[in-house]
Novice: 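Could you have a look at this structure, given as structure tokens, before my questions?
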Amino acid sequence: MARTKQLAPGISARSPQAVARRSLKGLKISESQAPATKEVQVGGEKNGSTRLVPTSKAPRYYPAEDVRQPKKSRKSPKPAKLRPSITPGTVLIVLAGRFRGKRVVFLKQLESGLLLVTGPYKINGVPLRRLNQAYVIATSTKVDLEGFEVDPKLADAYFAKGVVKGATSAEAEFFEEGKPKPKEPFPEAKSADQKEVDKVVVAAVQKQANLAKYLKATFGLTKGQFPHQMVF
């Protein structure tokens, strides 16, 4: 039998199973194979005189490193429970993201657990968007939205981004590098949805004195001010 290639002295390039398969290649195994066990004589009065033993021993080879098996989790993700201080119409202060420091009006909680809010856009420039309640401060100020129902289409799927197709060839991709990407126009349907929601929210805001100015003002802290000591 030809020698197998060695990666290093004493380390074969093929596993013991691969070597065994190559050595048995071409041999025909008859259908009447030997049984899995055989009976052998055993000495000793208390050993029963005979014993069944396997005809072929288990392979001595085993992998040097344990292969990690992914753990099966029976937990299913559940949406976060809404804080009692956040109800429809509550004014929230955004703490992170593009609109941090802005005040927004809470509309409803989506199936994912995120909060659907609006500025409204006409007052402070914050459009309809989703926020994590971990990054907002709930204030005691409320906008009266009684009787207003959010359109069911304003769900998580409404905010999903479309798939952007890249260059079709390597040559086109090379010439596209460094060039600014063309800006896609804002969908007219979403603009109409924003105006429809803002129409109701702005009307409710104008019923309360100075509330529009409060929503337009940005939140910030100065020296000596501590948020945990404040009442919002």
Novice: Rounded to the nearest 0.5 Å, how far does CD of Glu196 lie from CG of Asp198?
Specialist: 10.5 Å

Novice: Applying the 4.5 Å side-chain criterion to the ILVMFWY set and letting contacts propagate, would Phe159 and Val150 be lumped into a single cluster?
Specialist: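 Phe159 clusters together with Val150.
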
Novice: Mark yes or no for whether Gln109, through its side chain, and Ala80, through its backbone, hold a donor-acceptor pair below 3.5 Å.
Specialist: yes

Novice: State, with a plain yes or no, whether a side-chain heavy atom of Lys122 is found less than 4.5 Å away from one of Val205.
Specialist: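 Side chain of Lys122 against side chain of Val205, heavy atoms only: no contact under 4.5 Å found.
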
Novice: How close do Leu145 and Ala204 get, counting heavy atoms only, and between which atoms?
Specialist: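 Here Leu145 and Ala204 meet closest at CD2-CB, 4.2 Å.
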
Novice: Check Ala212 against Ile123 and note the closest heavy-atom contact, atom names and distance.
Specialist: O-CG2, 3.7 Å

Novice: Any chance OH of Tyr121 has more than 12 other-residue heavy atoms, nucleotides or ligands included, within less than 6.0 Å?
Specialist: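 It does not: Tyr121 OH has 12 such atoms or fewer within range.
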
Novice: Between Asn124 and Gly119, which heavy-atom pair has the shortest distance, and what is it?
Specialist: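 Scanning both residues, the minimum pair turns out to be OD1-CA, 3.0 Å.
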
Novice: Are any non-hydrogen side-chain atoms of Leu114 and Leu131 less than 4.5 angstrom apart?
Specialist: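 Heavy-atom side-chain distance check fails, nothing below 4.5 Å.
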
Novice: Mind checking whether Leu82 and Leu92 sit in one hydrophobic cluster, side chains of I, L, V, M, F, W, Y counted as touching below 4.5 Å?
Specialist: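 Leu82 clusters together with Leu92.
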
Novice: Are side-chain heavy atoms of Gln194 and Thr118 found at a separation under 4.5 Å?
Specialist: yes

Novice: May I ask you to test the Val104-Phe99 pair for a side-chain heavy-atom distance under 4.5 Å?
Specialist: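 When only atoms from C-beta onward are counted, Phe99 and Val104 do not touch, as no gap falls below 4.5 Å.
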
Novice: Applying side chain to side chain contact (heavy atoms under 4.5 Å, CB included), can you list everything that pairs with Phe232, at least two apart in sequence or on another chain?
Specialist: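 Per chain and number, Phe232 pairs via side chain to side chain contact (heavy atoms under 4.5 Å, CB included) with Ile93, Ile137, Thr139, Phe219, Pro227, Met230.
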
Novice: Please report the closest heavy-atom contact between Arg51 and Val42, naming both atoms and the distance.
Specialist: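 Closest pair (atom of Arg51, atom of Val42, distance): CB-CG2, 3.5 Å.
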
Novice: Grab the two heavy atoms, one from Glu111 and one from Pro79, that are nearest each other, plus how far apart they are.
Specialist: O-CB, 3.4 Å

Novice: For atom CZ of Arg100, is the number of surrounding heavy atoms from other residues, nucleotides or ligands below 6.0 Å larger than 12?
Specialist: no

Novice: Report yes or no: is the cationic atom of Lys190 (NZ for Lys, CZ for Arg) closer than 6.0 Å to the six-membered ring centre of Tyr158, at no more than 45° off its axis?
Specialist: yes

Novice: Picking from Val91, Val105, Leu211, Thr87, what satisfies side chain to side chain contact (heavy atoms under 4.5 Å, CB included) with Lys142?
Specialist: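 By the side chain to side chain contact (heavy atoms under 4.5 Å, CB included) criterion, Lys142 pairs with just one of Val91, Val105, Leu211, Thr87: Thr87.
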
Novice: Tell me whether Phe106 shares a hydrophobic cluster with Val201, the cluster being built from Ile, Leu, Val, Met, Phe, Trp, Tyr side chains joined at under 4.5 Å.
Specialist: no

Novice: Return the minimal non-hydrogen interatomic distance between Val126 and Arg129, and the atom names on each side.
Specialist: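 Distance-wise, the nearest heavy atoms are CG1-CD, 4.1 Å.
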
Novice: In the structure I gave you, are the side-chain heavy atoms of Arg130 and Leu115 within less than 4.5 Å of one another anywhere?
Specialist: no

Novice: Cluster question for you: counting only ILVMFWY and a side-chain heavy-atom cut-off of under 4.5 Å, with indirect links fine, are Leu110 and Ile86 together?
Specialist: no

Novice: Same cluster or not: are Leu128 and Val94 linked, directly or through other Ile, Leu, Val, Met, Phe, Trp or Tyr residues, by side-chain heavy atoms under 4.5 angstrom apart?
Specialist: no

Novice: Could you check if a side-chain atom of Leu154 sits within less than 4.5 angstrom of a side-chain atom of Leu107, using non-hydrogen atoms only?
Specialist: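 In short, these two side chains do not touch, never coming nearer than 4.5 Å.
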
Novice: Do Asp144 and Lys207 come within less than 4.5 Å of each other through their side chains, counting heavy atoms only?
Specialist: no

